[in-house]
Enquirer: 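This is the structure, below, for whatever I ask next.
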Amino acid sequence: MTSVTADERVAGAGWVRRLLIRPELGSVVGAVAVFAFFSSQSAVFRSAEGVANWLDPASTLGIMAVAIALLMIGGEFDLSAGVLTGTTGLVVVTLATRYGLDVWTAMLAGLVLALAVGFVNGLLVVRTRLPSFIVTLGTFLMLQGLNLGVTKALTGTVQVGGLRRVEGYESARALFAGSVTVGGVDFRVAIFWWLGVTALATWVLMRTRAGNWIFAVGGNEQAARAVGVPAARTKIALFMTTAVAAWLVGSILALRFSSVQANVGIGQEFIYIIAAVIGGCLLTGGYGSAIGASIGAVIFGMADKGIVFAGWDADWFKFFLGGMLLLATLANRLVRRYAEEVRR
Amino acid sequence: MSTPLLQTRDVGKSFGSVIALRDVSMLVNSGEVTCVLGDNGAGKSTLIKILSGVHVQDRGEYLVDGAPVRLGGPREALDRGIATVYQDLAMIPLMSVWRNFFLGSEPVTGRPRRLDVARAKDVARRELLDMGIDIRDVDQPVGTLSGGERQSVAIARAVHFGARALILDEPTSALGVKQAGVVLRYIARARDRGLGVVFITHNPHHAFPVGDRFLVLNRGTSLGEFAKADITRDELTSLMAGGAELDQLAHELGRDGPAGAGVTPER
Ligand SMILES: Nc1ncnc2c1ncn2[C@@H]1O[C@H](COP(=O)(O)OP(=O)(O)O)[C@@H](O)[C@H]1O
Ligand SMILES: [Mg+2]
């Protein structure tokens with residue numbers, strides 16, 4: 001930026017335009033508004049304890065939303081991401097409690113499985129050229145069936161538990177599901193994982209070749225291929241990244257509760273997409289931001305807990321979600337038009 | 001005579017039962033512009049997709065620097081210095097000018113390897129200026145550029161990455177008169193830098209001023225390849241429109257009697 005030679009045609013409107021075409025802009029405005037609103041309703045909400053409280057749901061959602069944002073920027077969806085958090089959690093707990101693995105080894109096995117699911121999703125999408133919406137709807141349903149079927153067959157119930165008694169639990173829990181005290185307030189470690197994931201994703205997107213390729217395959221895959229971008233590899237890597245995020249969140253939840261319900265994560269896949277869209281991702285791909293998706297997750301966290309703090313019925317949460325989504329999509333459309341307007 | 005940069009000998013390509021291209025021979029020399037002319041569906045895009053490694057010919061030979069090749073993909077063509085700017089998919093509209101400029105060949109620095117953003121922006125700005133392209137701001141999305149500017153950025157990019165052959169698929173067809181003139185000027189500039197240019201168009205008035213050789217296609221077959229000395233603009237125009245058909249059209253449209261060569265086909 002330093003060596004930009006001034007051009008009179010850039011002056012004035014330049015920085016306004018820069019700001020307006022930032023994908024995160026809408027989510028920042030939304031987050032400020034939601035924070036101000038709930039803060040006015042509840043003093044606890046704006047206290048440090050309150051913040052730690054609503055950052056907790058924001059963190060696990062945020063890890064997934066960031067990964068989904070990368071995938072959406074790359075032009076694809078993953079509907080199996082939510083249920084995969086359940087699958088990995090179930091695998092970790094089952095292997096550790098029933099097959100004699102320690103927690104760390106079980107987690108490693110869960111990671112390998114997640115990578116395999118992500119790879120298969122990606123390979124199916126790039127090979128068949130079917131919409132990823134359909135392909136991952138298929139894997140979503142299959143995993144959902146497996147989660148319930150295998151859990152019932154093994155335990156006769158719909159949950160597996162008892163991770164607490166397995167070797168390695170304490171150390172793994174400290175790293176993935178513990179708390180850190182900052183200024184006398186306990187914050188979940190998941191919050192730091194989430195911040196780390198957001199920072200890493202942002203760096204990759206904005207400052208690496210892979211990031212350039214992600215924008216390119218989502219923006220115009222054919223054009224990207226024509227200049228030598230490895231589009232198939234990029235997409236498969238994105239599906240695998242999403243799967244790793246699902247493994248991380250699945251492990252965090254398993255370690256936190258020491259047990260996993262077989263229906264965990266179902267329905268979450270849309271929440272991830274909504275958070276990413278609120279964060280500025282276009283449904284058509286090629287545009288968006290990891291930080292935006294994280295802020296989208298914060299909005300969710302605030303609404304989720306804020307409605308409780310304010311003493312309202314939790315049903316209002318869904319209404320709120322829908323409203324946010326519509327507003328965000330409309331705002332994104334304007335941004336896209338602005339950025340894409342062609343002058344001949 | 002030196003070896004041509006690119007050459008095809010009787011190449012053909014079919015898609016299922018559709019014969020898109022049959023027995024087409026052409027050549028491209030360094031520092032020259034070879035124009036490929038023809039109506040919609042004539043097979044122009046198919047021909048240049050063979051040149052650029054997107055398709056492999058079913059029949060005939062494709063020679064680069066005199067040696068027969070079968071290119072495995074656009075990357076392989078690029079590695080041999082054959083760059084292509086496609087009709088509508090030249091650029092990614094939502095990405096900035098500098099990101100588009102370096103897409104697929106991004107400069108990296110340091111460890112872990114990261115984009116050398118400062119250098120990329122600097123080089124993009126300089127290369128564009130060198131080609132005489134005055135982009136306001138290399139950070140702006142390519143979608144905000146005019147059609148002619150976009151084509152010009154793509155041409156500058158190919159030149160920067162050491163292209164020896166530059167293939168342009170209808171770069172002027174969607175442009176107004178003035179913008180088309182801008183693009184023609186960059187084509188001439190690339191030629192002056194010693195590149196062999198393949199310029200696809202269905203407009204003989206765009207082709208004639210810059211072209212050194214003209215290949216005319218009609219329904220997948222070649223109507224001939226001509227050096228500039230051997231053909232006039234009017235001959236080229238009437239050949240393209242299928243001479244007799246054009247005379248007939250002129251007759252139909254004229255108020256009194258045949259108007260002959262006065263008619264120029266739209267587009
Ligand atoms: N990938 C393809 N599959 C099937 N038919 C094709 C394909 N590409 C081109 N064709 C056909 O080949 C013919 C020539 O097309 P094209 O080379 O695009 O013509 P032009 O670029 O001169 O307009 C057309 O009839 C077109 O329908
Ligand atoms: Mg064409």
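Just so we're on the same page: letters track the sequence lines, and every chain starts at 1.
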Enquirer: Can you list every ring-ring contact (aromatic ring centres under 6.0 Å, His included) pair that touches residues 200-226 of chain A, not counting sequence neighbours?
Expert: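 Listed by first then second residue: nothing to list.
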
Enquirer: Restricting to pairs with a member in residues 166-189 of chain B, which pass ring-ring contact (aromatic ring centres under 6.0 Å, His included), not counting sequence neighbours?
Expert: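 Found none.
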
Enquirer: Give the interface residues of residues 105-117 of chain B toward chain A, defined by a heavy-atom separation under 4.5 Å.
Expert: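 Listed by number: B:Ser105, B:Glu106, B:Val108, B:Pro112, B:Arg113, B:Arg114, B:Leu115, B:Val117.
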
Enquirer: Just verifying a value: how many Å separate A:Ile73 CD1 and B:Leu94 CG, rounded to the nearest 0.5 Å?
Expert: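 Here the rounded value is 11.0 Å.
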
Enquirer: Output all residues satisfying ring pair (Phe, Tyr, Trp, His ring centres under 6.0 Å) with A:Phe133, sequence neighbours left out; order by chain, then residue number.
Expert: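 Once residues adjacent in sequence are excluded, the partners of A:Phe133 under the ring pair (Phe, Tyr, Trp, His ring centres under 6.0 Å) criterion are A:Phe77.
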
Enquirer: Heavy-atom distances under 4.5 Å only: say whether B:Leu103 touches chain A with side chain, backbone, both or neither.
Expert: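 Both parts, backbone and side chain.
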
Enquirer: Closest heavy-atom contact between B:Leu78 and A:Gly228?
Expert: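 Scanning both residues completely, I find the closest heavy atoms to be CD1-N, 4.4 Å.
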
Enquirer: Testing the basics here: between B:Met91 and A:Ala223, what is the closest heavy-atom pair and its distance to 0.1 Å?
Expert: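 Looks like O-CB, 4.4 Å.
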
Enquirer: Which heavy atom in B:Pro74 sits nearest to a heavy atom in A:Ala226, and how many Å separate them?
Expert: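 Answer, listing the atom of B:Pro74 first, then A:Ala226: CB-O, 3.8 Å.
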
Enquirer: Please check if atom CZ in A:Phe119 has more than 12 non-hydrogen atoms from other residues, nucleotides or ligands closer than 6.0 Å.
Expert: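 Not buried by this count: 12 neighbours or fewer within 6.0 Å.
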
Enquirer: Given the options B:Arg75, B:Lys178, B:Met95, which has more heavy-atom pairs under 4.5 Å with chain A than any of the others?
Expert: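 Between B:Arg75, B:Lys178, B:Met95, the count favours B:Met95.
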
